Protein chains: 2
Amino acid sequence: MFAMAKQAGRRLADDIVMTLKKEVADGHYPAGSRLPTEAALCERFGVSRATVRSALKELHVLGLVRTQQGAGTFVTPRPTVHDGLERMGSITDSIRSSGKEPGHEYGRRTLRQVLPDEAERMEAPTDTEVIELRRRITADGDVVAYSYDLIPLSLFPPRFDPDELSGSIFAYFENALGLRPTLGLAKVHAVTSSHIAWGPDAAKHRLFILLDQLHYDQTHRLLAYSKTYFVEGAYEFELVRTSK
Amino acid sequence: MFAMAKQAGRRLADDIVMTLKKEVADGHYPAGSRLPTEAALCERFGVSRATVRSALKELHVLGLVRTQQGAGTFVTPRPTVHDGLERMGSITDSIRSSGKEPGHEYGRRTLRQVLPDEAERMEAPTDTEVIELRRRITADGDVVAYSYDLIPLSLFPPRFDPDELSGSIFAYFENALGLRPTLGLAKVHAVTSSHIAWGPDAAKHRLFILLDQLHYDQTHRLLAYSKTYFVEGAYEFELVRTSK
DNA sequence: GACCCCTAGTTGTCTGACAACGTCTGCGAA
DNA sequence: TTCGCAGACGTTGTCAGACAACTAGGGGTC
């Protein structure tokens with residue numbers, strides 16, 4: 001039989017989803033191939049058909065499989081594409097997955113009140129206190145982005161020392177604060193400006209893609225408001241668009 | 001009872017999903033409020049609980065609701081956000097949903113072979129014949145984007161007259177050819193160039209966001225390769241990023 | 001007021017059955 | 001042999017009823 005480590009609070013169907021997701025990703029079921037029948041999956045996982053169908057429904061909504069009445073459930077053929085910008089994730093990870101070594105150089109860390117336009121975008125009171133970070137993000141030593149991040153002071157523990165913040169902000173959120181950004185609302189702009197870049201290579205960088213983004217966790221609490229200026233040409237900006 | 005127009009090939013659960021989605025969007029069930037119980041929804045839609053659960057599962061995976069065993073199903077509080085760039089859809093629709101009137105002005109329509117770099121990006125033979133379209137897309141009369149679209153000639157019926165193509169390409173695909181673009185792979189760039197814009201306002205447009213995009217249908221057939229240059233500032237470029 | 005227990009209500013899972021639909025087999029006709 | 005068709009069979013979609021797991025709320029006790 002199938003003994004799965006069952007985490008507290010998790011539903012049976014979730015385990016099946018995770019297992020099948022992994023097997024599809026690992027090529028156990030190639031694109032276009034047919035998954036085992038619902039009855040076979042029932043037997044394998046030791047659950048009822050209702051539970052298997054719940055799991056398959058999730059895979060269907062996620063676009064991983066396509067079901068056809070009378071025929072079976074098939075793995076959706078997908079171009080081999082790593083996740084794009086539509087997936088929440090740290091820039092650090094995406095640089096690393098492209099085979100380069102990410103780096104962070106921190107500029108000023110400031111404690112201040114939000115500006116009026118920032119408050120409006122964040123839908124926060126105008127007296128909200130935030131920590132402002134200025135960073136340069138590098139890949140194999142080359143600057144790929146300049147980032148200006150605002151993080152509400154209320155997220156941090158009392159007696160917090162801003163200098164603890166280094167490296168990836170996502171990693172800090174997760175490891176030090178136990179917060180996981182799961183939703184980002186971004187606006188994309190093209191920008192030419194000589195006031196964004198700083199540091200030794202600043203003069204070379206004039207054309208940017210601006211990702212003006214609000215980060216939330218699963219409870220829709222605002223974690224950060226960041227403006228990240230990607231140096232045009234230095235960072236491959238990919239996006240997978242899907243229909244509903 | 002509830003008599004719903006049932007489209008061919010659609011499942012019962014899909015109708016329920018659409019109805020509930022709309023009602024949530026219309027504020028019929030405010031954020032955080034509890035949806036009717038599964039039993040109540042069964043009665044309302046005249047279906048079994050299995051079908052209702054299938055529909056609710058879809059809403060759950062889509063992040064619209066949260067279910068809690070023993071308590072009920074609740075509408076997820078969400079920032080009010082319309083779909084962003086991560087959703088496949090025509091620019092025309094997105095302009096219309098922002099309350100403006102979309103328009104299309106067609107420039108040259110050309111029948112030609114693909115260029116080498118185009119063939120590489122399209123993963124197509126170098127002797128592929130395509131129809132090239134040049135369009136200006138407008139909102140309330142103002143140019144918001146210049147688009148250069150390549151569509152494989154093989155998609156068109158024999159004795160095709162390029163002049164039939166007008167208005168939204170997506171609409172033409174769907175209505176005239178029965179094709180539905182469901183997947184887009186895009187790269188995003190910032191571009192400054194004086195060679196992109198054409199027409200009366202060309203001189204005003206120098207800074208663009210380029211969406212360099214391959215369009216596929218559900219069978220993963222390439223429908224089009226388009227380079228759309230959005231005039232910076234004229235089009236609000238939004239993106240909803242989610243985690244897996 | 002604070003705490004515990006019990007109960008009614010709701011979602012999660014199980015079982016069994018039939019309907020709707022796709023696929024394949026095998027037979028007969030050309 | 002080849003082609004077309006009918007029917008059997010397999011698979012997913014839906015239905016019905018039941019019980020398990022869990023939550024929220026009420027009432028009682030201290």
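Naming: A, B, ... by sequence-line order, numbering from 1 per chain. These numbers come from a predicted model, not from an experiment.
OP1 and OP2 of C/dT13 both lie 4.0 Å or more from every side-chain N or O belonging to A/S54. The shortest distance between the side-chain N/O atoms of A/R53 and the OP1/OP2 oxygens of D/dG13 is below 4.0 Å. Note on B/R49: every side-chain N or O is 4.0 Å or more away from OP1 and OP2 of C/dT11. Residue A/T67 has a polar side-chain atom (N or O) positioned under 4.0 Å from OP1 or OP2 of D/dG13. In terms of phosphate contacts, B/T73 brings a side-chain nitrogen or oxygen within less than 4.0 Å of OP1 or OP2 of C/dT11.
In this structure, A/I16 places its CD1 atom 8 Å from P of C/dC14, rounding to the nearest Å. One interatomic measurement links the two molecules: CZ of B/F45 to C1' of D/dT14, which rounds to 16 Å at whole-angstrom precision. Per the geometry, CD belonging to B/Q69 stands 14 Å off C1' belonging to D/dA24, to the nearest Å. Rounded to whole Å, the distance from CZ on B/F74 to P on D/dT23 is 12 Å. Atom P of nucleotide D/dT12 and atom NE2 of A/H60 are separated by 13 Å, given to the nearest angstrom. Residue B/Q68 contributes atom CD, which lies 18 Å from atom P of D/dA21 at whole-angstrom precision. A/E38 places its CD atom 12 Å from the C1' atom of D/dT14, with the value rounded to the nearest Å. Rounded to an integer number of Å, the gap from B/K57 NZ to D/dT14 C1' is 18 Å.
With values rounded to the nearest 0.5 angstrom, B/H60 atom NE2 is found 8.5 Å from B/T76 atom OG1. For the atom pair OG (B/S147) and CD1 (B/I137), the distance works out to 5.0 Å, reported to the nearest 0.5 Å.
The nucleotide whose nearest atom lies closest to any side-chain atom of B/T37 is, among C/dC14, C/dT10, D/dG13, C/dT10. Between D/dT23, D/dT12, C/dT13, one nucleotide has an atom nearer to the side chain of A/S48 than all others, and that is C/dT13. Distances from the side chain of A/L12 to the nucleotides D/dT12, C/dC14, D/dT14 place C/dC14 closest.
Contact check on B/E23 versus B/R44 returns a salt bridge, with a Lys/Arg side-chain nitrogen under 4.0 Å from an Asp/Glu carboxylate oxygen. A salt bridge between B/R121 and B/D117 is absent, with no side-chain N of the basic residue lying under 4.0 Å from a carboxylate O of the acidic one. With respect to the salt-bridge test (charged N to carboxylate O, under 4.0 angstrom), the residues B/E132 and B/R109 do not qualify. Salt bridge B/E129/B/R112: absent, no basic N to carboxylate O contact under 4.0 Å.
In B/Q113, the CD atom is crowded: over 12 heavy atoms of neighbouring residues, nucleotides or ligands sit closer than 6.0 Å.
For the pair B/T51 and A/A39, both in contact range of DNA chain D, the more 5′-proximal nearest nucleotide belongs to A/A39. Residue whose closest nucleotide on DNA chain C sits further toward the 5' end, between A/V52 and B/L56: B/L56.
Using the six-membered ring where Trp is involved, B/H104 and B/Y106 have ring planes that are tilted, between 30° and 60° apart.
Between its two ends, the helix from C/dG1-D/dC30 to C/dA30-D/dT1 turns its axis by 10°, counting five pairs per end and rounding to 10 degrees.
Among the protein residues, A/R34 comes within range of the sugar-phosphate backbone only, with heavy atoms under 4.0 Å from sugar or phosphate atoms but none that close to a base.
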